[in-house]
Structures are given as structure tokens and as C-alpha cells.
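Here is the structure we will look at.
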Number of protein chains: 2
Amino acid sequence: MTTLQDCRALDAQDPLRPLRDHFTLPEGVIYLDGNSLGVAPKAVAARVADVVQREWSQDLIRAWNSAGWVDLPQRLGNQLAPWIGAGPDEVVCTDTTSINLYKVLSAALNIAREDAPQRKRVLSERSNFPTDLYIAEALCRERGLELVLLEPEEIAAALQDDVAVLMLTHVNYRTGAMHDMAAITAAAHARGILTIWDLCHSAGAVPVHLNAANADFSIGCGYKYLNGGPGAPAFVWVHPRHTDRFWQPLAGWFGHAAPFEFTPEYRPAPGIRRYLCGTQPIISLSALQCGLAVFDAATPLGGMQALRTKSLALTDLFIRLVEERCAGHGLGLATPRAHAQRGSQVCLTREYGPHAPPLRGSLPPEGAVTALGRPGGGDSGAYAIVQALIARGVIGDFRAGDNGKHLDILRFGFTPLYIGFEDVWNAVEHLKQVLDTGEWQRAEFNQKQAVT
Amino acid sequence: MTTLQDCRALDAQDPLRPLRDHFTLPEGVIYLDGNSLGVAPKAVAARVADVVQREWSQDLIRAWNSAGWVDLPQRLGNQLAPWIGAGPDEVVCTDTTSINLYKVLSAALNIAREDAPQRKRVLSERSNFPTDLYIAEALCRERGLELVLLEPEEIAAALQDDVAVLMLTHVNYRTGAMHDMAAITAAAHARGILTIWDLCHSAGAVPVHLNAANADFSIGCGYKYLNGGPGAPAFVWVHPRHTDRFWQPLAGWFGHAAPFEFTPEYRPAPGIRRYLCGTQPIISLSALQCGLAVFDAATPLGGMQALRTKSLALTDLFIRLVEERCAGHGLGLATPRAHAQRGSQVCLTREYGPHAPPLRGSLPPEGAVTALGRPGGGDSGAYAIVQALIARGVIGDFRAGDNGKHLDILRFGFTPLYIGFEDVWNAVEHLKQVLDTGEWQRAEFNQKQAVT
């Protein structure tokens with residue numbers, strides 16, 4: 001059995017331990033939701049104050065030159081590039097993940113229309129993050145194409161000659177399962193299919209090698225493992241073989257070859273800059289800059305390899321401790337045990353529905369409507385367990401199960417930059433207490449929040 | 001002749017004078033570029049610090065609920081709405097002007113395609129802000145439509161049955177000329193044409209009555225007269241008769257009816273919320289909130305009517321003083337003298353090209369290439385004059401002339417929230433000295449900046 005002392009020993013040996021000091025971690029909180037919103041780097045407060053009080057307030061319009069606002073999206077892109085296996089001048093930080101997906105999916109479909117007009121399908125996973133599916137649905141509708149949603153195990157067989165684009169999220173937001181980017185890309189290319197990889201749950205969390213995998217397009221967000229702050233601008237990468245083939249349709253002035261010539265005709269910039277559109281939110285971009293700077297500090301400590309080693313050790317430990325200490329509470333595991341298939345999060349499950357096994361402790365009164373709108377007896381309790389943990393300062397989140405599998409998800413993200421092994425012990429101790437005492441069944445933990 | 005004392009007397013009588021104290025105005029600067037980037041409200045520093053240090057750092061993911069991040073775009077939209085003649089829940093603050101234009105132009109073209117598929121043209125002005133033209137060019141290309149660019153005087157005759165959408169910027173960025181929104185909208189509607197109004201140079205600067213003018217769609221930016229900070233999120237308004245007719249194509253999760261149900265199919269939110277797309281940059285949005293709050297403070301002082309009265313008085317004064325004090329230097333006026341046709345900026349001109357009248361003082365050496373890449377003798381001097389003014393702390397900007405008119409533009413914005421009448425006097429005094437002494441002809445003022 002693993003002990004608290006074992007966990008403390010792991011922290012003492014952790015080469016990445018100094019990175020924790022780069023972050024503001026609130027007192028009394030074990031934060032296992034960095035896969036939803038990363039914690040604030042300490043440098044952000046001063047950086048943002050400088051942007052507001054000096055660059056904006058004092059330099060005003062001149063700061064576009066003097067503070068380098070004008071090429072901040074490119075500079076941040078270059079800072080991020082090595083962490084996702086991209087080359088210099090191949091990435092820009094800009095807009096949102098949804099909008100960047102619209103750009104690259106449009107470009108990919110333009111290439112497919114020219115090279116293989118008979119290809120009329122876009123493939124994705126049914127459990128891809130919904131905004132990706134919504135964007136693809138809208139674009140397919142506009143262009144008369146078909147969006148096909150698959151289970152992961154159906155993808156290989158679906159790579160047929162009628163498919164234009166395969167669009168996947170590298171690490172699944174609901175399960176933490178990770179695709180083999182190189183293998184799937186190769187299989188897609190073998191059938192003439194272009195690939196788009198969403199790195200929202202990968203960038204800064206797991207090794208990514210976009211160029212080595214020969215991917216075609218990629219996007220991702222700045223506010224999860226990159227710690228760029230709430231709604232931080234996202235990023236977009238395009239393989240250089242594609243970049244200059246087409247304009248993307250959001251052809252705003254910052255993607256123009258010479259935006260400050262103010263010419264009426266659009267002339268796209270060469271390279272990745274044509275994936276820029278409008279004027280970017282500089283204050284939020286500057287916060288993202290601080291998030292990326294922490295990764296610079298991680299380089300001499302072992303870089304992504306050290307981060308990955310620690311991330312797997314943290315998630316292994318969490319799985320082991322839950323299984324050792326929380327047995328008998330109906331918890332399952334949605335995240336793959338195989339390291340090669342795991343991102344940096346662990347998703348536990350609880351079954352719901354009329355055939356779910358009875359839960360230990362008293363259930364909500366028969367027929368009572370729960371936060372999820374399901375009759376009491378059919379509730380998994382997962383939502384309330386997460387709320388009870390949050391009340392204790394252990395912050396994870398809940399994702400409702402889909403109807404096919406009847407498994408609700410308790411989701412826990414492990415950011416190796418700032419989470420330690422003792423944190424994992426303590427989180428599981430709280431989970432054990434919440435389950436053993438039945439504390440989660442209090443009415444207060446069944447109040448649905450606007451954002452879950 | 002107007003005197004400095006007259007200007008001081010106007011300041012003493014100005015009912016809006018207290019609003020100046022809401023802003024950080026740098027020492028030694030007369031800022032006449034609020035039409036490009038507004039100055040920082042004093043409240044921003046504390047607000048942004050609170051967002052970073054409390055909401056993000058302490059509340060973390062919970063702040064989506066506790067700090068109300070989740071509906072900030074709608075709340076800011078409601079705060080802005082009365083200043084542009086929109087109703088409650090008709091506006092959201094989100095994304096960029098370019099992206100919001102893509103949304104509304106797509107929606108307008110969808111309506112036109114359904115109601116009048118024979119209409120294949122989109123009209124705009126040749127001197128519309130370029131990003132608007134670029135977005136329209138890309139969308140027209142994708143849909144096989146024609147973008148027709150006109151001079152202002154050609155618009156009325158071009159409103160024909162083959163036109164789907166008329167897309168105009170209310171106040172021209174180069175000249176400060178203002179369109180009659182109600183009259184042009186009525187003329188367009190009489191021919192079955194939908195209208196899109198870009199309010200980048202109007203919102204917060206001139207009276208706008210979107211509903212009263214019966215406009216169809218509108219967009220605008222947050223970082224000019226709304227003082228939302230560099231790259232502040234933009235806004236979008238759609239007339240309620242159109243809002244629910246179509247999705248816009250940037251169908252991201254924040255425009256979904258229930259984004260946190262994470263369903264794979266897109267179901268657009270009712271109302272203006274469907275014009276949201278991805279997760280918004282909360283820190284930058286919070287700065288915009290401070291910009292909008294200053295307008296709340298303007299309400300008891302007379303609101304938009306008082307702002308407009310002062311704006312016209314400032315621009316009238318500037319024109320009069322330039323004409324009285326800077327005569328004989330080849331300066332012309334691009335901005336209309338008629339109040340009904342003037343925004344809140346004044347654009348002076350200087351002629352360039354081989355037939356330009358000789359300038360007083362020595363010219364750049366014959367054949368020398370100027371900042372604009374034109375041989376010395378053909379330069380208007382406008383760029384260098386603006387640079388010489390900036391060196392003296394009088395910040396305006398330069399916009400190159402188009403080839404047809406051979407008139408370069410010296411652009412000066414007058415934000416009635418923080419510009420006073422003595423500022424106008426002092427700005428003209430500096431301009432007079434720069435011209436009288438020939439100071440602008442120094443080589444240092446002819447260095448081209450990345451952003452002009």
C-alpha cells in the first residue's frame with residue numbers, strides 16, 4: 001500500500017518542484033482542474049499592470065511599435081512552437097479555438113475541393129469537444145458536406161476515399177484518452193485524407209510533435225495547461241506545405257501582407273501570419289505570455305520529457321490510490337491505463353440509470369429530481385461527489401455521461417508544473433472521506449451551477 | 001480671432017469637464033488619437049488586478065460562476081446598448097470587428113439567399129476600413145458573389161435589384177465624414193437591400209440610433225471611443241427581426257442554447273447570444289467594462305447629447321484655429337464642415353505628387369526617398385508633420401492618400417470625454433510651430449514605423 005510518506009518522498013525527489021513557485025496557488029485548495037483553467041503564474045499581475053499602466057496608459061497608440069504589440073501573436077507563437085513540435089514562424093497565438101478551427105477546416109476543405117472534389121465527408125469523434133463539432137457542423141452545412149461522428153474504434157475503418165478531412169482532438173476532454181497522432185495521420189494520408197489536430201488538452205501537458213507526425217493543421221487553447229488566463233487567446237499551426245495554398249476565410253487586416261498600407265484589396269501575408277484576422281486583445285495576450293514563460297523555466301529542468309514523466313507518475317499514483325483506498329464505492333476508470341494512451345488527466349466514472357448498482361450510504365429520496373434532472377434512483381452521484389470535493393477545496397469537475405454508456409464522469413487534471421504527489425494523496429483522502437461518510441448526499445451539493 | 005483665453009473660458013463652462021478625471025492622461029501629451037486607441041480609464045488598473053489576483057488566482061474555475069465571467073459578453077452588451085440605440089439583450093461584446101462582420105455578413109447573405117436569390121452583389125465604399133473590405137472580399141469569393149466598391153456619391157444610384165447587402169462604416173476612418181444612417185437604410189430597404197453598419201468610429205463618439213434607423217446589422221470595436229484598451233473585444237448587434245432566422249457560421253459553443261450540456265449537435269441560443277462563438281478573453285473584456293462605465297458617469301452630465309455638442313465644438317474650434325493660424329502651409333480639410341456629416345475627428349490634407357504646390361521651407365533633397373517610398377519632391381510632408389507633432393507630444397496619425405486624389409491625411413480625433421478646448425489651442429500652436437519652423441523636415445521625422 002502506498003503511504004503519505006511515499007508521496008512526500010516523491011515530492012522531495014521531484015526535479016520540477018521549483019516550478020510550483022512560479023504560480024499563485026490559493027490556500028487550502030488542491031487544484032485538479034488545470035485542464036479546464038490553468039492557475040495564474042505569479043508574473044501575470046506585474047506584467048498586466050505594466051501593460052495597463054505603462055504601455056497603454058503612457059505610450060498609448062505608440063505602444064503598437066514601442067511595446068511590440070504589433071507582432072505579439074507571432075512572438076508568442078514562436079515561444080509555444082517547440083512545445084508542440086512546430087518550427088519557427090509556424091504558429092500564431094490569436095482568437096479562440098473555435099475560430100481557429102473554422103480557419104483551418106476551411107483551408108483544409110479548400111485544398112480537398114481542389115485536389116479531390118469527390119471527397120464530401122468530414123470525420124470526427126462523437127465525444128470530441130462539442131465546439132469543434134459545432135464549427136464543423138456549420139461549415140459542412142454551408143458547403144453541402146457531411147459531418148460523420150464516430151466512436152474511436154470506428155475511425156480506422158472509416159478512412160475511405162470519400163473523406164476529405166479527419167478532425168480529432170488529440171487528448172479527449174471527457175476521458176483523457178490520447179490518440180497516436182503519427183499513426184493516425186499516416187493512416188489518413190495513406191487514403192489521401194487531411195488531418196486537423198485539436199491540442200486543447202495536449203499543449204503543455206504531453207509531448208506533441210506536429211512536424212514529426214506530419215500533421216496538416218492544428219489548433220489549441222491557451223487557458224488550460226498553458227496557464228494563459230481565462231479565455232486566453234488560442235493558437236493555430238499549419239504545416240508549411242499548406243500555409244500559402246489558400247487564404248483562410250476570416251481574412252482580416254492583421255493577415256494582410258501589409259496591413260498598414262490600408263489598400264482596399266486583400267493580399268494575404270506569406271506564411272502563418274495569414275491566419276491572423278482582427279486586432280488582438282493585448283492585455284489577455286500578455287497574460288498568456290507569462291504562462292508560456294514558465295515553460296522556458298522548465299527547459300533546464302528537463303523540459304517536456306520531465307513534465308511527461310511526472311504527469312504519468314501523478315496520474316498513476318492517483319489511479320492506484322483511488323483503487324486502494326476508495327474501493328467499494330462504484331467508481332470506475334474512464335482513462336486508459338496504458339501510458340501511451342493517456343493524457344494528463346484521470347477520469348473516474350459512476351454509473352447512472354435504472355440498472356446502476358446500488359450505492360453505499362443513503363440515496364436521494366426515491367423520485368427526487370437531482371441536479372441533472374434525473375430521478376433520484378437513476379442518479380450516479382458523480383455531480384454531487386464533485387461538488388462535495390470542491391467544498392473541501394479539492395477542485396475537479398463533472399461531465400455528464402452520454403446515454404449510450406450510462407457513465408457519469410468525475411474529471412481530475414494533473415498539471416505537473418504545480419501539482420505535487422502529496423496533493424494527490426490529499427485529494428484521494430478527501431474523496432475517500434466524502435464517499436465513506438456519504439457527505440456528498442447533502443442537498444447543497446446537488447445545486448446545479450451555470451458553468452459545471 | 002480666437003484666443004487662448006477664449007479656449008480656457010470654454011473649458012471652464014464645459015459640463016463634461018469632470019469626466020476627464022476618469023482617465024489617465026500622460027504628462028506632456030495632447031492625445032488626439034482616441035479614434036485609434038482610446039486612453040486608459042483610471043479604474044482599469046484596479047479592475048484588471050482584481051480579475052487576475054482574486055477572480056482568476058483565488059477563485060480559479062469557480063469564477064465562471066462566482067465572478068460572472070460566463071455572461072460578461074451579454075452584460076457588457078447591455079451596458080453599451082443605449083449608446084448605440086439598441087435595446088436590451090440585442091448586443092454582445094465579443095471577438096473582433098472583423099470576425100463579427102463575418103458573422104453578420106454571412107447571416108445577411110443567408111437571408112438574401114433565401115428571400116431574393118437573384119441578388120448577387122454586396123456594395124461598400126472604396127474607402128471603407130480595409131479589414132471590412134477584406135472580410136467581404138473573402139466571403140463573396142467563397143459564395144460566388146460580387147463585391148462592388150463605390151465612392152460615397154455613387155451609392156444612391158447603385159441601390160439596385162441585384163444588390164443583396166449594403167455594408168458601410170458610419171463614420172469614415174480616413175475623412176471623418178458621417179453617413180445619414182436612417183436615410184441610407186430607408187433607401188436600401190426601399191430596394192429590398194439589407195444594411196450592415198460598422199460603428200467603429202461612431203460608438204461612444206456620435207449619436208447612433210440603430211433601432212430608430214431600422215438598421216439590420218451592426219458591428220464595432222471596443223478600443224477607440226469606448227476606451228476598452230488595446231485590442232478590446234468588439235461588439236455585434238442584430239435587429240431582433242433577423243436574430244433567430246439563421247445561425248451565423250462561427251457556431252462555437254458559447255452561441256449554443258446550452259453550452260454546458262456538451263451535446264454533439266449544435267442548437268443555437270435564441271437571440272443575440274447565438275452571435276457568440278468561443279471562450280472570451282476575460283481580462284481584456286474586464287478592461288472594456290471600465291471603458292463603458294465612464295459612459296454611465298456621463299449620463300447625469302447630459303449623456304450623448306452633451307458629448308455630441310462638445311465634440312462638434314471641439315472639431316469646429318480645431319478647424320477654425322488651423323485656418324486662422326496655419327494658413328499658407330498647403331493644408332486642406334477632408335472632413336465635412338456640415339455638422340450632420342461630421343464624426344468626432346478632423347482630417348487635414350496635404351497634396352503629394354509631381355504637381356503638388358511647393359511647400360514653404362526647404363524640401364527633402366531632390367530624389368531622396370521618403371518614408372512613403374516616394375521621391376522627395378513628390379512627398380506631401382504629411383507623414384513627417386505628424387511625426388514632428390508626436391515628438392512634441394501632440395499625438396495624431398497619418399493616413400496615406402489614395403492615388404486618385406493625391407491627398408495625404410493628417411488625422412486628429414477629439415474625444416469629448418477627455419479632450420478640452422485648451423488642448424485644441426495647444427495642438428494647433430504646436431502644428432503652427434512645426435510648419436513655421438520647417439521642423440518637420442528633419443530626417444528623424446521621416447523614419448517609417450511598423451504601425452503608422
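Order of the sequence lines fixes the chain letters, A, B, ..., with proteins taken first and strands second; residue numbering starts at 1 for each chain.
- Between A:Ile61 and B:Tyr31, some side-chain heavy-atom pair lies under the 4.5 Å cut-off.
- Looking at A:Phe129, the atoms closer than 4.5 Å to chain B (heavy atoms on both sides) all sit in the side chain, from C-beta outward.
- Heavy-atom pairs under 4.5 Å with chain B peak, among A:Leu101, A:Leu285, A:Thr279, at A:Thr279.
- Electrostatic pairing of A:Glu125 and A:Arg174 does not count as a salt bridge here, judged by no charged N lying under 4.0 Å from a carboxylate O.
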Quick one: do B:Tyr102 and A:Tyr102 satisfy ring pair (Phe, Tyr, Trp, His ring centres under 6.0 Å)? Show the steps, please.
CA-CA 12 Å; B:Tyr102 190 83; A:Tyr102 190 85; 5.6 Å; yes
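- Counting heavy-atom pairs closer than 4.5 Å to chain B, the top residue among A:Asp132, A:Ile135, A:Asn110 is A:Ile135.
- Salt-bridge check for B:Arg141 with A:Glu265: failed, with every basic side-chain N at 4.0 Å or more from each acidic carboxylate O.
- Contacts of A:Ser286 with chain B are absent, with no heavy-atom separation under 4.5 Å from either backbone or side chain.
- With a threshold of 4.5 angstrom between heavy atoms, B:Thr96 approaches chain A through side-chain atoms but not through N, CA, C or O.
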From CA spacing to verdict: side-chain contact (heavy atoms from CB on, under 4.5 Å), B:Leu37, A:Trp69:
CA-CA 13 Å; B:Leu37 172 64; A:Trp69 293 346; 3.8 Å; yes
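- Interface summary for chain B: among A:Leu250, A:Val48, A:Leu60, the most heavy-atom pairs under 4.5 angstrom belong to A:Leu60.
- There is no contact between A:Asn100 and chain B, counting heavy-atom distances below 4.5 Å.
- With chain B as partner, the option from A:Pro130, A:Pro26, A:Pro230 having the largest number of non-hydrogen pairs under 4.5 angstrom is A:Pro230.
- Interface remark: A:Gln58 contributes backbone and side-chain atoms alike to the contact with chain B (heavy atom separation under 4.5 Å).
- If you measure heavy-atom distances from A:Arg113 to chain B, the contacts under 4.5 Å come from the side chain alone.
- Interface check for chain B: of the options A:Ala138, A:Pro281, A:Pro259, the most heavy-atom pairs under 4.5 Å are formed by A:Pro281.
- For B:Gln280, the parts lying near chain A are the backbone and the side chain together; criterion is any non-hydrogen pair under 4.5 Å.
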